[in-house]
Amino acid sequence: MSPASKSLNPLPPKERMKVPRQLMPEQEACARAHNFEEVNLGYSAELAQLEAKRCLECAKPTCTDQCPVGIDVKAFVEKIVIGDFLGAAAKIREANVLPAITGRVCPQEDQCEGSCLLSKKVKPLGIGYLERFVADYEQRMGTHVIPKVQPTGKKVAVVGSGPSGLTVAGDLIQKGHKVRVFEALHEIGGVLVYGIPEFRLPKQIVREQIDYMREMGVEFETDVVVGRTVTIDELMEEEGFDAVYIGTGAGLPQFMNIPGEHLNGVYSANEFLTRINLMKAYKFPTYDEPMLDLKGKSVAVIGGGNTALDGIRSALRLGAGKAYVIYRRSEAEMPARAEEAHHARQEGIDFQMLTAPVEFLDDGKGWLKGARCVRMELGEPDASGRRRPVPIKGSEFELPLSVAIMAIGTTANPIVQTTTPGLGTNKRGYIVASEETQRTTRKGVFAGGDIVTGAATVILAMGAGRRAANSIHEYLTTGAW
Amino acid sequence: MFKIIHAEFLAPGIKRFVIEAPRIARKQKPGQFVILRIYDEGERIPVTIENSDPERGTVSIVVQAAGKTTNLLTSLNTGDSILDVVGPLGKPSEIANYGTAVVVGGGVGTAMAYPTAAALKRAGNRVISIVGARNKELVILEKEMREVSDAVMITTDDGSYADKGFVTDKLRQLIDNGTRIDLVVAIGPIVMMKAVAEVTRKEKIKTVVSLNPIMIDGTGMCGGCRVLIDGKSEFACVDGPEFDAHKVDFSVLVQRNSMYREAEQRSMAEYQQQVQKKKEEGEHACMATSGAREGEQR
């Protein structure tokens, strides 16, 4: 019997290819460029079911293999086909504790959708859109299932409440361990609340996912900078934690070390986004944290990743008159998600590709007035395998700017490493952890996410969290290291 | 929530709060600071730690009213709470037996200089403290400084108390008298720290200053607190707040601290209007919460 014949999908496989990929309803570009409301509006049940029917139900699905947390895509999509949306959500939750978040921010084109068989002939299945749909449906229904588990009596401390820490916490609480999450900031969620803007990931969604974890029994303690407020050793020796997971995330923002970077008006993307997202500076003076007035001003972001696009699209929403992305390679090399770059273009962001600033210019009073930039061309491939940008002689030009946002990456935050004796780090200062088990060089201490790999994506951090949760569970039940 | 178990004015506009914060109390060392946020719509600001009592689980902080947030803060009293207090942040002061250490505290900076002076004394140094203030009323912690110093010199800008003049006059005097000085620690207004650095630079005396740039998270994540040290960007929250005074670019610090002046003035003006309105209505209300509620309705 062929897989299709016992399928619950009423469409014969050949017909499925004829259904076009269902477009994500979105706010009009001209409207959304001026507000912080979410860009994507989400599928209706009808759209979701129609899209789900496009799944070819491969005998050996590659989508699951390409998913960092291994979601059983075929199974959850089939449940959407028959209209069992809550069943679909439960299926996803077996592998992923934050579906409403990953459904919005995962780079699906490089993972599940990138390997979808449909994409060989037509557009891939909208797996991310479907994940988002069922997660939102489940939230609307308010039918979270709180799993009943036998307590093990073991206690785990999770350092950092970003995507990897939350994944570890969600997985371990379901295995019966006590979990306490320590967060340095005043709000839970890490990069999900300070970094990713409202228009891409509404903070209400993050809060709902965290509330669900609280209901499951996860404890959260804010305002704790592990390494300063309490050390890893104190957590284990004095507070009785049997294991610790370090997921402290992206570190210190990098600068280019070019003249003028200290001028007023030059921000790191982290600061710019933290002011807006965490501190709600865009609601000044209702909120006290201030932000420079961007109305009608020229603003540029330096960099080509998701953080760069989040920064410049936020600037546009704060009223910037001109908004540029300055990136030293071409658009093909941009690390940002294709959908985000597409949205940014629709909104009117000016992409200055193959361009780099060489100096920020002073207005004579310590404020930024522009950037001297140089055009680049791509030369031989460098260590990363991407073609190295080389400055074109005589191509320098001045770009008038009031604000520049540096989004060129981060370096390791040293606070935990320098206060935890015996915790191994690599030459760039990141924590050394096994790729399979996330174990560090210290017994009982695990680490994952950006503090191990350097800046990456939400889902890769969650993948590390999932592996860590499994190996922490193994360690706590067997005691073997 | 962090409960205020004691609040008192040390001088007009300068208030000391003893806060229940057991974790911070256990870990605090001289030179470190906290970041706090008073209420949901509030900003995060770095605040000086005066000292802590690990056994009682309390931390003592000192705040001077300047803008909206510090005015709101100094309106709080015993029994009120602060929503978030995080720390201790920054690297502790490098305490060793240097020989003779001169500790200079200017204005509210004296509160941060005090634990450093005490620690230097405990480490075996001869400690000479110089405390400066605009006038008599604003001289704080004189008694405390005397307890931990071998000698204390006080200056006021207007001569209303002790000697008229600036802290640098006293420092100059010490140097001219041939006092051997092995270390100078200066904590106070930027102009004062810069002036101290200029005096000791010529004499090649090791000098440390504690910088107070604008900060948000205080853990190195945002990079807002970057300062120019020997031509290179460093982050005051993780690399500092104490730096070699002779390597600090003070003019960049002054310039960057002025970045939000307009917004700060606007916040302050609106806050003062609210306070005025409350006074006229004759209500006795906690401004920290009522201010926030009014804000929401706008």
Side-chain angles (χ1 to χ4, degrees), chain A residues 183-187 190-191 194-195 221-225 227-231 234 248-255 257 261-275 278-281 283-293 365-367 406 410-415 418, chain B residues 2 21 23-24 26-27 32 35-45 67-69 72 83-90 216-228 232-233 235 238-239 249 251-256 258-260 262-264 266-267 270-271 292 295-298:
Chain A
E183 168 55 48
L185 293 171
H186 56 258
E187 212 172 312
V191 72
Y194 76 73
E221 186 172 343
T222 52
D223 297 327
V224 176
V225 181
R228 294 259 194 255
T229 315
V230 63
T231 63
E234 287 163 348
T248 46
L252 318 183
Q254 275 187 310
F255 289 89
N257 293 317
E261 267 180 321
H262 57 273
L263 291 171
N264 289 0
V266 180
Y267 284 98
S268 77
N270 278 3
E271 181 188 358
F272 190 78
L273 290 167
T274 300
R275 280 184 184 275
L278 179 71
M279 304 308 297
K280 307 271 182 282
K283 295 183 183 169
F284 179 86
T286 301
Y287 281 73
D288 290 338
E289 195 76 46
M291 184 56 142
L292 293 179
D293 184 0
K365 295 174 198 153
W367 287 80
M406 309 303 290
T410 53
T411 57
N413 189 317
I415 294 179
T418 52
Chain B
F2 293 79
R23 283 193 187 278
I24 304 173
R26 268 188 64 187
K27 302 291 287 185
Q32 294 186 301
I35 283 187
L36 57 78
R37 190 176 71 127
I38 310 174
Y39 59 99
D40 269 327
E41 293 81 4
E43 60 179 342
R44 293 169 66 98
I45 58 161
K68 177 183 175 181
T69 301
L72 272 171
L83 187 54
D84 295 287
V85 181
V86 61
L89 299 171
I216 305 180
D217 65 298
T219 67
M221 184 273 284
C222 87
C225 66
R226 63 188 190 277
V227 288
L228 210 53
K232 284 208 303 263
S233 272
F235 296 164
V238 288
D239 303 318
D249 188 328
S251 52
V252 164
L253 181 60
V254 170
Q255 162 218 312
R256 286 187 58 82
S258 74
M259 194 147 154
Y260 296 103
E262 258 175 55
E264 286 161 2
R266 181 173 163 197
S267 277
E270 286 181 14
Y271 169 73
E296 272 181 354
Q297 289 161 3
R298 261 197 297 274

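Naming: A, B, ... by sequence-line order, numbering from 1 per chain.
- Of the atoms belonging to B:Val227, not a single heavy atom falls under 4.5 Å from chain A.
- In this structure, the portions of A:Leu292 lying under 4.5 Å from any heavy atom of chain B include both its backbone and its side chain.
- From A:Met279, atom CE reaches atom CZ of B:Arg37 across 6.0 Å, with rounding to the nearest 0.5 Å.
- Annotation: side chain of B:Asp217 is in contact with side chain of A:Leu185 (closest heavy-atom distance under 4.5 Å).
- For A:Glu187, no part lies under 4.5 angstrom from a heavy atom of chain B.
- When heavy atoms are compared at a cutoff of 4.5 Å, A:Tyr194 approaches chain B solely by way of its side chain, counted from C-beta outward.
- Taking each heavy atom of B:Thr219 and A:Asn413 in turn, the nearest pair found is O-ND2, 2.6 Å.
- Proximity to chain A (any heavy atom under 4.5 Å) is shown, for B:Val238, by both the backbone and the side chain.
- Contacts with chain A were tallied for B:Arg26, B:Lys232, B:Arg44; B:Arg44 has the most, counting heavy-atom pairs under 4.5 Å.
- A donor-acceptor distance shorter than 3.5 angstrom exists from the side chain of A:Asn270 to the backbone of B:Met221, with no hydrogens or angles considered.
- To the nearest 0.5 Å, the span separating CD on A:Glu271 from SG on B:Cys225 amounts to 9.0 Å.
- Side-chain atoms of A:Phe284 and B:Glu43, non-hydrogen and from C-beta on, never get closer than 4.5 Å to each other.
- By number of non-hydrogen pairs under 4.5 angstrom with chain B, the leading residue of A:Thr231, A:Val266, A:Thr222 is A:Val266.
- Side-chain contact check for A:His262 versus B:Gln255: some heavy-atom pair is nearer than 4.5 Å.
- Closest non-hydrogen pair, A:Pro253 versus B:Gly220, comes out as CD-O, 3.3 Å.
- Neither the backbone nor the side chain of B:Glu262 comes within less than 4.5 Å of any heavy atom of chain A.
- Ring geometry, A:Tyr267 versus B:Tyr260: the interplanar angle falls from 30° to 60°, so the pair is classed tilted.
- Residue contact with chain A, scored on non-hydrogen atoms closer than 4.5 Å, involves the backbone of B:Leu83 exclusively.
- Here the side chains of B:Arg266 and A:Pro290 are not in contact, with every heavy-atom distance at 4.5 Å or above.
- What you find for A:Val224 and B:Val86 is that their closest heavy atoms are N-CG2, 4.3 Å.
- Both the backbone and the side chain of A:Thr229 come within contact range of chain B, each with at least one heavy atom under 4.5 Å from a heavy atom of that chain.
- With a 4.5 Å cut-off on side-chain heavy atoms, B:Ile216 and A:Arg275 count as touching.
- Defined by atom type and a distance below 3.5 Å, a donor-acceptor pair is missing between the side-chain atoms of B:Tyr271 and A:Asp288.
- Salt-bridge check for A:Glu221 with B:Arg23: passed, with a basic side-chain N closer than 4.0 Å to an acidic carboxylate O.
- In this structure, the side chains of A:Val230 and B:Lys27 stay at 4.5 Å or more apart for every pair of heavy atoms.
- Within the 4.5 Å cutoff, the side chain of A:Pro285 has heavy atoms near those of the B:Glu270 side chain.
- Across every non-hydrogen atom of A:Tyr287 and B:Asp40, the tightest pair is CE2-O, 3.8 Å.
- Within the 4.5 angstrom heavy-atom criterion, only side-chain atoms of B:Arg226, from C-beta onward, approach chain A.
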